[in-house]
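In the text below, chain A, chain B and the rest are named by the order of the sequence lines, each starting its count at 1.
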Amino acid sequence: MGSKQSIFTEEQLDEYQDCTVFTRKEILRLYHRYHSLAPEIVPCHFNDCADIKLPLELISEMPELKENPFHQKVLQVFSEDKQNKMSFNDFLNMFSILSDLTPQHLKAHYAFKVYDFNSDNFICQSDVEVMLAKLTGDELSDEEVQLVCNKVMEEGDLDGDGKLSFTDFEYMITRAPDFMSTFHIRI
Amino acid sequence: MVNTNKTKKNNREDLEKIGIQIDADETTDTAEEEDDDNEEEDIKQPAKIRKKQNNRKSSKPSDEDEDNSDEDTKLKARNNRRRLPVQNGIRKNKNDKDDESDEEKSTDTAKNSRTKARNKDNGKGEESDDNSELEGENKKTRKNPVHNNNRNNRNNANKRQKDEDNKKVKQANSRGNRKGEKDNGKDKKKKGKSSSSSSSSSDSEDTLSEGELAKVLEEVEEKKMLIAAIRTKAWRMKRKLTTLKESQEFVEKFEGALGKGKGRKFYAYKVMMMKKWIKFKRDFENFKTSCIPWEMKIKEIESHFGSSVASYFIFLRWLYGINLVLFSLTFGLVVIPEVLMGLPYGSIPRKTVPRKEQPTAMDFSVLWEFGGYIKYSALFYGYYNNERMIGVFKYRLPLSYFMVGVGSFGYSLMVVIRTMARNARENGIDGDDGDFNFSWKMFTSWDYLIGNPETADNKFASITTSFKESIVDEEESQKDENIHLRRFLIVLANFLIFCCLAGSGYLIFYVVKKSQTYSTLEELTWYQKNELAEEESIKNKTLAMVNSFNFTNSTSESIPAIDPADFPRGPCWETGVGLEFTKLTVSDILVTYGSILVGDFLRALFVRFINYCWCWDLEYGFPSYTEFDISGNVLGLIFNQGMIWMGTFYSPGLIGINILRLLTSMYFQCWAVMCCNVPQSRVFKASGSNNFYMSLLLLILFLSLLPVIYTIMTFTPSFDCGPFSGKTKMFEVIMETIQNDFPAFIGKLFSYASNPGLILPGILLMVLAIYYLNATSKTYETANLELKRKMQMLRDEQKNRRNNKYTVNPMLQDLEDLLPNNANVNKPESNQIVIGKQPNEATRANGKHGKEMTLAPPPPRMVVTKPPNPRQVSHIPGQPRSGTPGSGPRRPSPGQSRH
């Protein structure tokens, strides 16, 4: 461990351990991953002040994200600036949220953001359609898509505005048996 | 932010007390506070720049009242620290004076330092009226992310600051107190910036009232809570980090001020220990996670096969953990002490291979069957001596053997039940499956762990299939003509299952009966008698020999003793049991590995390489590659574990074999699964079965516990082997210990406790407790159901209300529709068909219709909100346009459609 520790200072490691669910080993591993994405841009030793950001396309090449139909949106949600770049802080935050130790409500919060494709703070019909298209390709006919959308809205929409607000979504998702195990990336 | 603002206010009050006039800044300050709040979210510059700013600010002491919150907290902290010692009133006056002078000095030094530091180009003193506004701007520019290219701005800002300083100095001067001290201040400049900054407002207040103390304490607690919970906040990392730093600083500064008088030292000590404890906990966590093995392996499998296959390996790892604990218990407390401190091999008969087995004792075929030297080793029950205490430490081996045997059952039970409880808690609130069928499919079906293109394709396909199935189900549920068929099928299936069960039951009965007739032929009673007689005779012989041995020993030392190998010995049934279980385990291992090799590996090889010269596609055709059989593998593991539990009491070495098995199986199966299995085409729900496997494990544990406990409690241990030889029952070892090693009253206590008069009420109490808890849980359950029902009702009501709103419009619309429909019936036959085919088409068409009409707001929920009502999907697309005009009249009344 001796050589590895020089990447961060002890305080930085402590801070990151306070702010994420990761242990020191995992933080180091994540930094290695981040570093290996672009060895020429990211320095070997973590530098707090340097403004290092990687383009999202580069990050989406990670095998953990590559196959995910929602990876673009996931990265967008977690990246801080709007220029499609991601700093190490955001990178760490993303995997912290997606790790299995994160409490459910936090995951639900971010899942809502991810699935809200048009970012209007509601999951509406169009969002569901986009999702369905991403999940099933063109396999379903228009009528079937319509039916599924209607069913989803009918099931989840509690306040009756024709779209899922965060409250609706959280109520639904926290009851899902698989949510915690599927909204999860092991790093 | 609220907290910091509060402190800020305090700080300002302090300053006012001192006598500095800060009215000019007053407005700017409040403005800035708001600014701060807003900016907190938007700050985009790296932390270091921020830090730099802080440094710069603190180097300009008179600026501090306009600084941001952490600066304030720092100062406040200093105040507090300083304040505490200066509590005696005698020095108060002097202090006040000092304060004032200090203050003056500080402003002067500030001015001086700044004039020195500043460039000459902005040396000209400008009087600006709109100080506050400019100050606000000034602040903003300083916080600007593009830090480097706003030099101009900064210069301006500096100018303004200088102006302000000048103003301040003027004000101070106008009070006319200490002009001469200005020079003094200049001299003091080299004293250092920090000192001036701290002295500027410190020492001002002399006492901390109880209320303030409580407030501070509260704030500190709040901050601590924030630090603990910061990882569960949905903030950006940057914000988390800055908030963390701020609150840590705050806590750091204020904690020292909290204790008072005598308690202070103790408080400081407590705080320090707390910190150390947190640090230790974190290190321990780190250590613990670094000890978890195979993390990367499992991750790789997860990304290839999804979470369900990986769950098997996680289960395997969990079992390995349990077995490791059992292993260390058994080996650390039983096997190793016996090997190290007990009598060596060959010293007594039970530790020696009998004479007639000796020639073959090292043959492979014998060792393979765990005979020969292995049978007479510490791996089996028979090897252990019944000496009460062994070695220099007087280690009570029989007692420890007994306790470890029972304790490992206790530990396993505890762990399994705890895991089950946790699992149940984790998915305790899963609602009714039907409630969110589609939503769950939509939002939770994608497994984020998947990182392999092939698996991803499979997953997409399976998601599509499951959607289609749900859609078909949904359509099916609309038609009620099938209900009789379905019922019939259900009844038929149940009948067939019953037949199967009855048939197998009869088969078992038949076989058992047959075998019993065979065994009666062999005269069971005679056999038993024979065995008993044999045992008796051996016992007598041994006793005689031991007597003669002792006799010879006592009479003449020179005569060599009888070799322990020649001792006659009785059957050691405990070793026999252990032996059987060991054999069973080993053969199970071999079969498992063999089947993986042949069934998976060879098949994969065949499919892969013969495919080049075969007439059909082997990879996608008949043999194909195998899928990983999760449930089969999990069940195999569970039954293996059951054998371990059952056998380990009579064969302490078995657990070691199992450790080896799990270890190799982890690597072997990881390799096999990655090398020759393909992802499942149908993905099962992994989460639902978790507790099923656990409860199966619990059942097996219970079943394997029963015979062991039964033998311990009822059977007489063999007289010449094992740690309990010579006792009538194994558990007597406990009573023996109580009698010999504990004080007398404990023995008495135990005898009272084992009195039926106490045990029976105890059992009764437990039964009552179970009954009570059961009743309460039932109550909770009903309350829960009630709440759920209420929620459902509320939901329905809302929906109804909504529909009511909408149905007013459709009603009007219907009325409108009626007229033209009656007027021109365009296509009666098409309507006829529609209605003939689907009697409920009308309601559906209503929805469609409503959508098409733009007169009224389209009722989007119209189509959806009639849950059980028959709904037609597949036939719609072609219909609505032609059908709309005519569908009106036959539509059911709106009230009905509202449903």
| said: Among Ile450(B), Leu449(B), Ile230(B), Ile298(B), which residue has the highest count of heavy-atom pairs closer than 4.5 Å to chain A? | reply: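 Sorted descending by pairs with chain A, the first entry is Leu449(B).
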| request: Considering only heavy atoms and a distance below 4.5 Å, find which of Arg282(B), Lys468(B), Met442(B), Glu285(B) pairs most often with chain A. | output: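 Ranked by heavy-atom pairs under 4.5 Å with chain A, first place is Arg282(B).
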Which region of [X], side chain (C-beta onward) or backbone (N, CA, C, O), has a non-hydrogen atom less than 4.5 Å from a non-hydrogen atom of chain A, or is it both or neither?
X: Phe460(B); value: both
X: Asp457(B); value: neither
X: Leu244(B); value: side chain
X: Glu295(B); value: both

| field | Closest-packed option against chain B by number of heavy-atom pairs under 4.5 Å, given Leu140(A), Asp142(A), Ile97(A), Val21(A) | value |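 Answer, by heavy-atom pair count under 4.5 Å with chain B: Leu140(A).
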| query | Given the options Pro103(A), Pro63(A), Pro69(A), which has more heavy-atom pairs under 4.5 Å with chain B than any of the others? | reply |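 Option with the greatest count: Pro69(A).
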Distance alone, cut at 3.5 Å: any donor-acceptor contact between the side chains of [X] and [Y]?
X: Thr243(B); Y: Lys223(B); result: no
X: Thr23(A); Y: Glu26(A); result: yes
X: Glu155(A); Y: Ser439(B); result: yes

Below 4.5 Å from any heavy atom of chain B, which atoms of [X] appear? Answer side chain, backbone, both or neither.
X: Asp14(A); value: both
X: Thr102(A); value: neither
X: Val128(A); value: both
X: Phe78(A); value: backbone
X: Leu65(A); value: neither

| Got a donor-acceptor contact below 3.5 angstrom from the Asp116(A) side chain to the Phe166(A) backbone? |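 Not a single qualifying donor-acceptor pair exists.
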| query | With a cut-off of under 6.0 Å to the ring centre and 45° to the axis, is Lys151(A) in cation-pi contact with Phe438(B)? | reply |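 Relative to the ring axis of Phe438(B), which defines the angle, Lys151(A) lies outside at least one limit.
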| task | With rounding to the nearest 0.5 Å, note down the distance linking OG in Ser96(A) to CG in Asp90(A). | result |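 Result: 12.0 Å between the selected atoms.
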| Exceeds 12 heavy-atom contacts within 6.0 angstrom, atom NZ of Lys66(A) |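 No, the 6.0 Å shell around NZ holds no more than 12 heavy atoms from other groups.
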Quiz: residues 105-113 of chain A side-chain donor-acceptor pairs under 3.5 angstrom, not counting sequence neighbours:
{"from": "Lys107(A)", "atom 1": "NZ", "to": "Ser99(A)", "atom 2": "O", "distance (Å)": "3.0"}
{"from": "Lys107(A)", "atom 1": "NZ", "to": "Phe183(A)", "atom 2": "O", "distance (Å)": "2.6"}

| said: Does the plane of the ring in Phe169(A) sit parallel, tilted or perpendicular to the ring in Phe443(B)? Use 30° and 60° as the thresholds. | reply: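 If you compare the ring of Phe169(A) with that of Phe443(B), the planes turn out perpendicular.
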